[in-house]
2 protein chains.
Amino acid sequence: MKKQKRTTIYDIAKKLNLNASSVSRALSNNSNVSEATRQLILATAKELNYQQNSMASNLRKGQNQTIGVIVPHINQNFFADIIAGLEEVTYQKGYNLVICQSNESYLREIKCVNTLINQHVSCIAISICADFEDDSHLRNIKEHGIPLIQFDRVTDTLDTFKVLNDNEQASMEAVSHMIEQGYKRIALLEGPQNLNIFRQRKEGYLKALKKHNYPLVPELIKENAWTKELGAESTRQLLSLPEPPDAIFASTSDFSALGVLEVATKKGLKVPEELGICGYSNEPFTEITSPSITTIDQYSVSMGKAIANLYFQEIDFMDNGSHPQTVSIKPQLIVRSSTLRNKNRV
Amino acid sequence: MKKQKRTTIYDIAKKLNLNASSVSRALSNNSNVSEATRQLILATAKELNYQQNSMASNLRKGQNQTIGVIVPHINQNFFADIIAGLEEVTYQKGYNLVICQSNESYLREIKCVNTLINQHVSCIAISICADFEDDSHLRNIKEHGIPLIQFDRVTDTLDTFKVLNDNEQASMEAVSHMIEQGYKRIALLEGPQNLNIFRQRKEGYLKALKKHNYPLVPELIKENAWTKELGAESTRQLLSLPEPPDAIFASTSDFSALGVLEVATKKGLKVPEELGICGYSNEPFTEITSPSITTIDQYSVSMGKAIANLYFQEIDFMDNGSHPQTVSIKPQLIVRSSTLRNKNRV
DNA sequence: CTGAAAGCGCTTACAG
DNA sequence: CTGAAAGCGCTTACAG
């Protein structure tokens, strides 16, 4: 009742009184077959509606032209863009993409890794979950001889290829920009510090303060404010300080920055005059809020392409244990109204 | 230099002086093996860091527990959400997802289909591209015995399982709502009419007019306005009519509606007092524009789940040619400020 | 240029 | 409960 039998190279061979090996050669179309028989074979293949069985071919060849990707969430702009970029390049190369989402769960991330190892994918690209505990599953990837590329959220306990945003530099630029706009007390909304990206963004903030001889005020730093709601809550707390901030850098995300903006608006604070706001990621909506939100573009589609290109360029080196390379993507500060309070525009 | 050899069931068998078949049985853990040997086998499997080779297993079993999805773009909220929903369910079932994007190109869509057929995926789910020409590639899927589910953008030339939004109903509700708010001349921004979804939305618009005895005014219907720029351009044309519209239904997308809003704002028109605006899709940004934009939520994550569930529920029927089922998701009108101009709220 | 054979790593009737 | 064998559909040295 299930699946009628599909045409195989044997069916073609039988019909033409040839050996299956000839058929295989003609179809892979790079070996020695006479032009005459090749044409015959291609014609009957079309006639019988032949489609290669990749499972068999891959098993025999020992690899499957597939890149596995693991992301916390597929449906977040940043990751969706990365995947789109990845897909673009892998498609050009005739590779496929298998996608898994960890849902920010460590256990699920491990399961995804195992599935991809079982599938003998050619490469695994991963951005680790917020819940990350240790790197044993990542080591397992390497132990099975599969090239591993970490991107964006990475662990440094493991020496792998990496594609990163220069979060520290971008944060530093953002905060410096706010300082140049005359803001005096700049608060930081930070994300989970077990993720490298959030540590780096904090580092950038600290460096910018230092560079401009600004004091570090601990009460202006709020942990774990990486959703709109948490951003709003932190803002309420910050604004009720005896000496409230005159600017807030939502280093976690634009969603957090949106929470800041909403609270500020509700309290009747003028943005950017009384409160400056800067987000992170350049989500589409930052352009259309009132005022529009200053943020940082991460070039996520390019990042996806960079990951794929790294694989295809380094594929030969990846196996022989040469020192893994790190590609850094430079994010760009997008200055908009929410931080522009004096005339001398940047 | 490439890939060190991986542990196979033979390695385990050899080490334990057993036959590979016993190892296979123990590992698939549902056949007859004594508890003692099973434990032994599991232990050595762990010790040797064994991971099954899915390629071999799938080849032998003739299927690969993978669902292939083809969408126009991965990084559009609607599709990203669908994929996230799909992934959620397939993950629970131990299935994998292979994702392809057609980039709205017909040729590329064909290539994606062929790749998925070659891979012997268990099911193909597709939302066709704007460039769609004919259904021969989709027929080819069925000819290869692979269950096919069309979703959202579908062709009716082929009798397949379908998961659809009730676009007509939703559009009708949206336009009726605007009529009830007292708008008299409601313009329509329509999308490419070769796609079913845009035909249905137009149909809903026409039905609503008819139901309320509103005349159909051809000059108020603008073709091909499915980006922000095209929406803006159409709006400029509409507003310079001798008798301009007092409401615009951007049936193509919220991006188009955003274009409408921007032009209206620039011209100093008050929304919703002087111009009502309704979009489509409930993109996150519609909530935070000023005014917020009335739109239609498509429950895209649920739609993704529905696709996967349809496959898992109907998997047995799909092969024996029973009449394909159609699942309809009811979208919901989200009324916001951009169309609310009188007090009696809905 | 073509054929015959082995093998990729599993699973699954078939015996015992 | 365990073993021996065949086979999933390809590809690729090896002969000729």
Side-chain angles (χ1 to χ4, degrees), chain A residues 2-42 45 48-66 115 117-122 144-145, chain B residues 2-42 44-45 48-66 117-122 144-145:
Chain A
K2 292 207 69 165
K3 310 253 165 100
Q4 61 274 42
K5 212 171 153 319
R6 289 162 62 145
T7 310
T8 71
I9 54 172
Y10 285 95
D11 300 322
I12 299 175
K14 198 180 295 171
K15 180 146 188 182
L16 294 176
N17 269 319
L18 284 169
N19 190 282
S21 41
S22 295
V23 177
S24 171
R25 280 190 280 258
L27 258 25
S28 66
N29 97 88
N30 54 353
S31 299
N32 316 328
V33 207
S34 76
E35 193 49 31
T37 52
R38 152 172 285 121
Q39 290 309 331
L40 256 173
I41 288 168
L42 292 182
L48 298 178
N49 199 8
Y50 171 79
Q51 299 251 182
Q52 188 198 52
N53 183 328
S54 316
M55 285 187 283
S57 160
N58 291 337
L59 172 60
R60 179 53 228 256
K61 293 197 284 193
Q63 63 130 334
N64 68 356
Q65 311 253 100
T66 294
T115 306
I117 293 179
N118 290 356
Q119 297 203 125
H120 279 231
V121 293
S122 308
H144 280 88
Chain B
K2 291 206 72 167
K3 309 254 164 99
Q4 60 274 44
K5 212 171 151 322
R6 291 161 62 145
T7 310
T8 70
I9 54 172
Y10 285 95
D11 300 322
I12 299 175
K14 198 180 294 168
K15 180 146 188 182
L16 294 176
N17 268 322
L18 284 169
N19 188 283
S21 41
S22 296
V23 177
S24 171
R25 281 189 280 258
L27 259 24
S28 66
N29 98 88
N30 54 353
S31 298
N32 316 326
V33 206
S34 76
E35 196 49 31
T37 51
R38 150 170 287 122
Q39 290 309 332
L40 256 174
I41 288 168
L42 292 182
T44 25
L48 298 178
N49 199 7
Y50 171 79
Q51 299 251 180
Q52 187 198 53
N53 182 329
S54 317
M55 283 187 285
S57 161
N58 291 337
L59 173 59
R60 180 55 228 256
K61 292 197 285 193
Q63 63 130 334
N64 67 355
Q65 312 254 97
T66 294
I117 291 178
N118 290 355
Q119 296 203 125
H120 280 230
V121 293
S122 307
H144 280 88

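Quantities reported herein were computed from a predicted structural model and do not represent experimental measurements. Computed from heavy atoms alone, side chains included, the values below leave out hydrogens, waters and symmetry copies. Residue numbers begin at 1 in each chain, while the letters A, B, ... track the order of the sequences.
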Show the nearest heavy-atom pair for residues [X] and [Y], with the distance to one decimal.
X       : Y        : answer
A/Tyr50 : A/Ile9   : OH-CG2, 3.6 Å
B/Gln65 : B/Gln63  : N-OE1, 3.5 Å
A/Met55 : B/Leu59  : SD-N, 3.8 Å
B/Thr66 : A/Gln119 : OG1-OE1, 4.3 Å
A/Ala26 : A/Ile41  : CB-CD1, 3.6 Å
A/Asn64 : A/Val121 : OD1-CA, 3.4 Å

Do A/Ser24 side-chain atoms and A/Ala20 backbone N/O form a donor-acceptor pair below 3.5 Å? no
What residue among A/Ile12, A/Val23, A/Thr37, A/Leu27 forms side chain to side chain contact (heavy atoms under 4.5 Å, CB included) with A/Leu42? A/Leu27
Nearest-Å distance for atom pair [atom1]/[atom2], residues [X] and [N]:
X        : N      : atom1 : atom2 : answer
A/Ile9   : C/dG3  : CD1   : C1'   : 13 Å
A/Leu59  : D/dC8  : CG    : C1'   : 9 Å
A/Gln119 : C/dC8  : CD    : P     : 21 Å
A/Gln65  : D/dC10 : CD    : C1'   : 14 Å
A/Arg25  : C/dA5  : CZ    : C1'   : 12 Å
B/Leu27  : C/dG9  : CG    : C1'   : 12 Å
A/Lys61  : D/dC8  : NZ    : P     : 20 Å
B/Gln52  : C/dC8  : CD    : P     : 17 Å

For C/dG9, does OP1 or OP2 lie under 4.0 Å from any side-chain N or O of B/Ser24?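 So the side chain of B/Ser24 is outside the cut-off, no N or O lying under 4.0 Å from OP1 or OP2 of C/dG9.
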Phosphate-side-chain proximity, A/Thr37 and C/dT2, N/O vs OP1/OP2 below 4.0 Å: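 Yes, because at least one side-chain N or O of A/Thr37 sits under 4.0 Å from OP1 or OP2 of C/dT2.
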Is there a donor N/O on one and an acceptor N/O on the other, under 3.5 Å, for the side chain of B/Arg6 and the base of C/dG9? no
Extract the stems that DNA chain C is part of, considering only consecutive pairing runs of at least three Watson-Crick or G-U wobble pairs, both distances under 3.5 Å.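 Correct response: C:1-3 with D:14-16, C:5-12 with D:5-12, C:14-16 with D:1-3.
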Do B/Leu48 and B/Lys15 have side chains that approach each other closer than 4.5 Å (heavy atoms only, starting at C-beta)? yes
For B/Glu35 and for B/Ala56, find the nucleotide of DNA chain D with the closest heavy atom, then tell me which residue's nucleotide is more 5'.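 Its nucleotide being nearer the 5' end, the pick is B/Glu35.
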Does anything in residues 10-22 of chain A reach DNA chain D, meaning a heavy atom under 4.0 Å, and if so which residues? A/Tyr10, A/Ser21
